[in-house]
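Chain letters run A, B, ... following the sequence lines, proteins first, then strands; residues in each count from 1.
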Amino acid sequence: MLDINFIRANVDLLKTGMINKGEKDTNIVDKVIEIDEQWRTLVHEIDTKRSEANTRAKQIGALMGQGKKDEAQSIMKETSALKEEVKSLEEKLGVLATDRTELLYRIPNVPDPSVPVGHSENDNVVFSTWGEPLHHDWRKPHWDIAKEHNWIDFERGVKVTGAGFPFYLGGVARLQRALINFFLNAAAERGYEEMQAPYFVNEDSARGTGQIPDKEDMMYTVPRDGFFAIPTAELPITNFHRDEIIDAAVLPVKYCGYTPCWRREAGSYGKDVRGLNRLHQFDKIELVKLVHPDNSAQELELLREDAERLLQALELPYRTLLMCTGDMGFTQTKKYDLEVWSPGQQRWLEVSSCSNFEGFQARRMMIRYRDEDGKPKILHTLNGSGLALPRIVSAILETYQEESGKVRVPEVLKPYLGNNTYL
RNA sequence: GGAGAGAUGGCAGAGCGGUCGAAUGCGGCGGUCUUGAAAACCGUUGAGCCGAAAGGUUCCGGGGGUUCGAAUCCCUCUCUCUCCGCCA
């Protein structure tokens, strides 16, 4: 959610940003300003009337105290009429306020000037590449390797739960456990505090990070208790400080957390979903930062580097994309995607997405910091994966496979896997 | 799951239906004193919204109601605590 005052002062900038993000309808901006105008006028009117009513109520109190009942009675009569008036105006105000909020929720964040303008993923800019993508013919996709070793059981996953809920066995189960530990330790070294978060959140939290409204279809729900299964640890971790004011001196606040993530992925079919490419449940380590608004641009670069470091440590070739305006999403001002090379599939797989939301999320969640002047102000939030497991597993199985079919353990993971050479 | 008690400012803790945005204490900040610090003393110290400002308005767990007037009364929801039951 953007600040209505920012919207009022930056109509053109906002509309340009919206068009660049692929929104067709920018009239919503004029509409929200118009409704806000009505809202302000009405607030003023109501406040004035309430002020009057409050004054009279106090007069009545004073008169009653002096025993002047008759005078008090006559003021009471006038006041009840005033009260009716206020009540009907308040109803109007409520409607305006709801409309205003709904419109505000539908206005996307403004892209940072450094973001390339573009319509689709084809306009994303390759920011950097690391390592040499492998192109050997004999390399198999991970689903074949996993089958040979009985490492992943998709079929029984279907039986027990459904498609997209595989079982991991033996070497890959251990590999995932090792990756979780490695990622968390690496994050701790970079100053992120480890957090074990709830796997379900309530509606307020889902609203805070922006899954509600509009994106609730991505989440599994527990209707009886009003919970949502988290699609990413971003939800519980970012909402941790919801409705709080944080001392500026402790910024930046950095958290990391491992959780399973559940996504319904409704409507995604085809060959992209083969193997581990797209699952309904997967594991991820998430990095979250709450920062001073002056530093968020810088903090995004640091966050990206923290994520990239992990791929470098695993010696997996990858590339970093700077997402263009049309492909970056509703809530971000700037976003980098990290894509690992999958030699068995001969394609890039997204394993991390590092985003700056500036005040967009924090404003919804009312996460503020107290500056030197003592006034609470909205802070900036960022998050990034560090990293998502399944595609890393794919990349490891495919990159570290030998022609014999064995899979080597990446050097950096050996301490986590009994110093074994092979998985 | 059953029975009872409760939810007030950063924390603790008062609060008869009428000058209560809320006593008091602690903490925080500023000052006096001190070579410095502590102690003591004085002052100050919640948030949202409207407004250029003056000022106004809203908020005492959430929502609704009674009343001219609600932190105070009623309904409801949520949460916390105590006891019982169950349990990793």
Take atom CG of A:L82 and atom C1' of B:U57, then tell me their distance rounded to the nearest Å.
-> 14 Å

A:D247 has an atom CG; how far is it from atom P of B:G27, in whole Å?
-> 18 Å

Between B:G61 atom C1' and A:R242 atom CZ, what is the distance in whole Å?
-> 14 Å

Qualifying residues under side chain to side chain contact (heavy atoms under 4.5 Å, CB included), relative to A:E315, sequence neighbours excluded | A:Y400, A:E411

Give a yes/no on whether any side-chain N or O of A:N54 is located under 4.0 angstrom from OP1 or OP2 of B:U57.
-> yes

Taking any strand in view, what nucleotide pairs with B:G21 in a Watson-Crick or G-U wobble way, both distances under 3.5 Å?
-> none

Look through every strand shown and name the nucleotide pairing with B:U72 as Watson-Crick or G-U wobble, where both distances are under 3.5 Å.
-> none

Pairs touching residues 278-315 of chain A that satisfy ring-ring contact (aromatic ring centres under 6.0 Å, His included), sequence neighbours left out | A:F165-A:H280, A:H292-A:Y369

Can you check nucleotides 49-53 of chain B for protein contacts, nitrogen or oxygen pairs under 3.5 Å, and list what you find?
unit_1 : atom_1 : unit_2 : atom_2 : d
B:C50  : OP1    : A:R40  : NH1    : 3.4
B:C50  : OP1    : A:R40  : NH2    : 3.4
B:G51  : OP2    : A:R40  : NH1    : 2.9

side-chain hydrogen bond (donor to acceptor under 3.5 Å, both in side chains) evaluation trace for A:K284 with A:T232 | CA-CA 8 Å; A:K284 181 161 65 64; A:T232 157; 2.8 Å; yes

Identify, with sequence neighbours excluded, every residue that meets ring pair (Phe, Tyr, Trp, His ring centres under 6.0 Å) alongside A:H149.
-> A:W151

What's the CZ-P distance between A:R370 and B:G46, to the nearest Å?
-> 9 Å

Between B:A12 and B:G21, how far is it from one P atom to the other, in whole Å?
-> 24 Å

Just jot down the side chain to side chain contact (heavy atoms under 4.5 Å, CB included) partners of A:N420, sequence neighbours excluded, or say none.
-> none

Checking A:T333 side chain against A:N356 main chain: does a donor-acceptor pair fall under 3.5 Å?
-> yes

Please tell me which of A:K375 and A:I46 maps to the more 5' nucleotide of RNA chain B, matching each residue to the nucleotide holding its nearest heavy atom.
-> A:K375

Rounded interatomic separation in angstrom, taking CD from A:E91 and P from B:G64 = 11 Å

Using purine N1 to pyrimidine N3 plus N6-O4 or O6-N4 for Watson-Crick, or N1-O2 and O6-N3 for G-U wobble, both under 3.5 Å, which nucleotide pairs with B:U44?
-> B:G28

Ignoring backbone atoms, establish whether A:S51 has a side-chain N or O less than 4.0 Å from OP1 or OP2 of B:U57.
-> yes

Provide, to the nearest angstrom, the distance between the NZ atom belonging to A:K377 and the P atom belonging to B:G48.
-> 12 Å

Contacts of type side chain to side chain contact (heavy atoms under 4.5 Å, CB included), residue A:D327, not counting sequence neighbours | A:E121, A:N124, A:M323, A:C324

Taking NZ, NE, NH1 and NH2 as the nitrogens, is one of them in A:R50 or A:D47 under 4.0 Å from a carboxylate oxygen of the other?
-> yes

Rounded distance in Å - CG (A:L42) to C1' (B:U58) | 15 Å

Under 3.5 Å, which N/O atoms of the protein pair with N/O atoms of nucleotides 15-20 of chain B?
unit_1 : atom_1 : unit_2 : atom_2 : d
B:G18  : N2     : A:A57  : O      : 2.9

Does a nitrogen or oxygen in the side chain of A:R368 sit under 4.0 Å from OP1 or OP2 of B:G48?
-> yes

Pairwise ring-ring contact (aromatic ring centres under 6.0 Å, His included) hits with a residue in residues 169-197 of chain A, at least two apart | none

Under the side chain to side chain contact (heavy atoms under 4.5 Å, CB included) test, residues paired with A:R304 that sit two or more places apart = A:F127, A:E301, A:E308, A:T320, A:Y336, A:L338

Using the P atom as the reference point in each nucleotide, state the distance between B:G2 and B:U58 in Å, no decimals.
-> 40 Å

